[in-house]
**Q** 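I have a structure I would like to understand better, so I am pasting it below and will then ask my questions one at a time.
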Number of protein chains: 2
Amino acid sequence: MLSTSSVQPLSLERLRTACSTCGLRELCLPVGLSQPEMDRLDDLISLRRTTKKGQSIYRAGDRFDAIYAVRSGFFKTNVLLEDGRDQVTGFYMGGELIGMDGIGTELHTCDAIALEDSEVCVIPFSRLEDLSREVQALQHHFHKVMSREIVRDHGVMMLLGSMRAEERLAAFLVNLSQRFTARGYSPSEFYLRMTREEIGSYLGLKLETVSRVFSRFQDEGLVSVQQKHIRIIDIPRLKQVMSHQQPC
Amino acid sequence: MLSTSSVQPLSLERLRTACSTCGLRELCLPVGLSQPEMDRLDDLISLRRTTKKGQSIYRAGDRFDAIYAVRSGFFKTNVLLEDGRDQVTGFYMGGELIGMDGIGTELHTCDAIALEDSEVCVIPFSRLEDLSREVQALQHHFHKVMSREIVRDHGVMMLLGSMRAEERLAAFLVNLSQRFTARGYSPSEFYLRMTREEIGSYLGLKLETVSRVFSRFQDEGLVSVQQKHIRIIDIPRLKQVMSHQQPC
DNA sequence: CTCGCCGCTTGATGTGGATCAAACTGTGGA
DNA sequence: TCCACAGTTTGATCCACATCAAGCGGCGAG
């Protein structure tokens with residue numbers, strides 16, 4: 001049992017891992033399902049997978065056959081260019097779905113890598129489609145999840161295409177804060193699971209720039225930064241920075 | 001009949017606009033459907049909509065209730081920030097689907113604007129979901145289309161986050177060339193429907209930079225540019241530029 | 001507890017693309 | 001037909017962020 005990325009069928013653990021009893025069910029795939037519908041979804045999700053920090057749940061080029069719901073932990077997704085350049089395309093936390101990039105071609109187009117020891121629910125995709133044909137609420141919610149991923153990507157495109165470094169980092173922190181809040185954590189105090197380099201890659205900046213902007217934010221009393229420990233002191237002002245409305 | 005964005009039921013035109021006889025069916029929603037299945041899809045798509053250059057099929061904030069397949073013409077989608085900044089998030093041509101951004105919130109999150117006089121098929125979304133529950137091939141293909149939109153967005157994020165101006169424009173031209181080719185047009189000669197400013201907005205560049213890079217490409221014998229008329233002279237070299245492999 | 005290293009911070013300098021400015025051109029409308 | 005103007009090109013200058021460089025500090029392995 002020392003294997004670092006193990007796949008294990010549910011058995012006695014079943015009750016503990018069922019969607020119905022999962023603390024993340026209001027954020028995850030079962031949103032809007034009745035109890036019997038949720039039971040049917042449970043039948044489908046019979047595998048969990050634990051992943052150690054640094055390991056992947058899939059790599060670009062891997063055959064696609066499942067999507068993954070983050071049960072615990074933190075992930076990033078990474079696209080690669082032939083010439084070696086790469087870019088972080090997203091960070092994922094509890095209740096969020098990873099892997100929808102693979103549906104279009106039956107092959108994954110990015111790497112999904114754990115930023116800390118993590119656990120995901122494996123959702124076999126063809127069985128999800130089967131069930132979606134029978135359970136309208138599931139079908140509709142899945143479409144919403146994919147649509148939101150598209151909208152999120154548009155937000156990142158906006159950020160990369162027309163925001164300056166301070167605005168990008170402010171937007172990033174505000175977004176993280178909101179997602180932590182939705183999960184019952186503090187809106188103002190959290191640990192970053194990713195390095196400055198990963199943040200930079202996601203935001204289209206170099207790690208030095210990320211570091212400098214953090215320092216500037218700290219000097220201005222917006223946040224307190226100690227390595228990966230972040231405390232947001234002034235969320236409203238951070239939102240102003242994000243929206244270009246610096247008070248001169 | 002002078003209204004600029006008219007909605008008209010199909011009647012005698014029916015045969016002409018049915019998916020089954022549409023030249024774009026191999027690129028559009030009906031991919032992989034049998035004849036009877038395609039007939040059922042036809043039943044659902046009972047509206048076409050013509051849109052004059054400059055007009056929108058929907059705006060950010062509009063209620064979402066349909067997606068749109070481009071029948072003819074050319075569109076852009078635009079996201080807006082409160083502070084007035086905006087960004088082009090995509091260009092769409094025949095056979096491509098617009099509007100999936102609205103599924104997540106029931107509201108559209110961007111504007112969809114015609115870059116020339118155009119026509120779209122209106123696909124009522126709830127009826128599309130109904131039919132998807134009965135026709136597996138349709139369900140699966142729709143999922144593929146959404147997934148590809150996500151993958152395309154990741155490509156743009158890569159481009160915006162880690163490519164230089166010349167690489168971006170080269171990637172843009174290669175992409176357009178491929179899409180025109182798939183539609184039976186010349187891979188090397190086409191008219192741009194968008195302005196330098198719109199290209200720049202999409203690529204995270206200013207219009208002056210786009211213009212300068214076009215000129216540089218022309219000087220180097222990669223393309224011939226006359227306003228919106230583009231002739232790609234050396235596709236392989238353009239692909240090299242895109243991949244950072246400048247021959248010193 | 002200590003060592004080594006990875007990740008972070010900070011400074012100095014360089015540069016790609018933005019900005020400002022001016023002139024040119026093709027097009028659509030009166 | 002001609003005018004007005006939106007869109008484009010090109011040049012000069014500027015600046016935000018990249019790059020290069022050096023030192024720091026916290027954490028995990030032993």
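Labels below follow one simple rule: chain letters A, B, ... track the order of the sequence lines, proteins then strands, and each chain is numbered from 1.
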**Q** Rounded at 0.5 Å granularity, tell me how far CD in A/E198 sits from NZ in A/K76.
**A**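 So the CD of A/E198 and the NZ of A/K76 are separated by 3.5 Å.
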
**Q** A/H229 NE2 to C/dG7 P: how many Å, rounded?
**A**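 Between P of C/dG7 and NE2 of A/H229: 20 Å.
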
**Q** Any protein N or O atoms within reach of nucleotides 11-14 of chain D? Criterion: under 3.5 Å, listing atom names and distances.
**A**
residue: D/dG11; atom: N7; partner: B/R212; partner atom: NH1; Å: 2.8
residue: D/dG11; atom: O6; partner: B/R212; partner atom: NH2; Å: 2.9
residue: D/dA12; atom: N6; partner: B/R212; partner atom: NH2; Å: 3.3

**Q** Classify the side-chain pair A/E189/A/H229 by whether it contains a donor and acceptor separated by less than 3.5 Å.
**A** yes

**Q** In terms of side-chain heavy atoms of A/S215, which of D/dT8, C/dT9, C/dG17 is nearest?
**A**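 Per side-chain heavy atoms of A/S215, the pick is C/dT9.
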
**Q** Return whichever of A/M163 or B/T209 has its heavy-atom-nearest nucleotide of DNA chain D closer to the 5' end.
**A** B/T209

**Q** To the nearest Å, how far apart are A/K53 NZ and D/dA29 P?
**A** 10 Å

**Q** Before we go on, tell me: are the rings of B/Y92 and B/F74 under 6.0 Å apart, centre to centre?
**A**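 Ring-ring flag for B/Y92/B/F74: false, centres at least 6.0 Å apart.
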
**Q** Rounded to the nearest angstrom, tell me the gap between atom CD1 in A/I199 and atom C1' in C/dT9.
**A** 14 Å

**Q** Looking across every strand, which nucleic acid part, if any, lies under 4.0 Å from A/G200 by heavy atom: base, sugar-phosphate, or nothing?
**A** nothing

**Q** So B/S211, base contact, sugar-phosphate only, or nothing? Heavy-atom distance under 4.0 Å.
**A** base

**Q** From NZ of A/K206 over to C1' of C/dG7, roughly how many Å is that when rounded to an integer?
**A** 16 Å

**Q** Please check if any side-chain donor atom of B/T89 sits under 3.5 Å from a side-chain acceptor atom of B/T77, or the reverse.
**A** yes

**Q** Under 4.0 Å between any heavy atoms, over every strand shown, what does A/L205 touch: base, sugar-phosphate, or nothing? Just pick one.
**A** sugar-phosphate

**Q** Pick the closest DNA chain C nucleotide for B/Q227 and for B/R168 by heavy atoms, then say which residue is nearer the 5' end.
**A**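 Upstream on the strand: B/R168.
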
**Q** Using whole Å, what does the distance between atom P of nucleotide C/dG7 and atom CG of A/L115 come to?
**A** 12 Å

**Q** Compute whether any side-chain donor of one residue and acceptor of the other, for B/D101 and B/Y58, lie under 3.5 angstrom apart.
**A**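 Result is yes, a qualifying pair exists.
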
**Q** When you compare the side chains of B/S243 and A/D83, does any donor N or O come within less than 3.5 Å of an acceptor on the partner?
**A** no

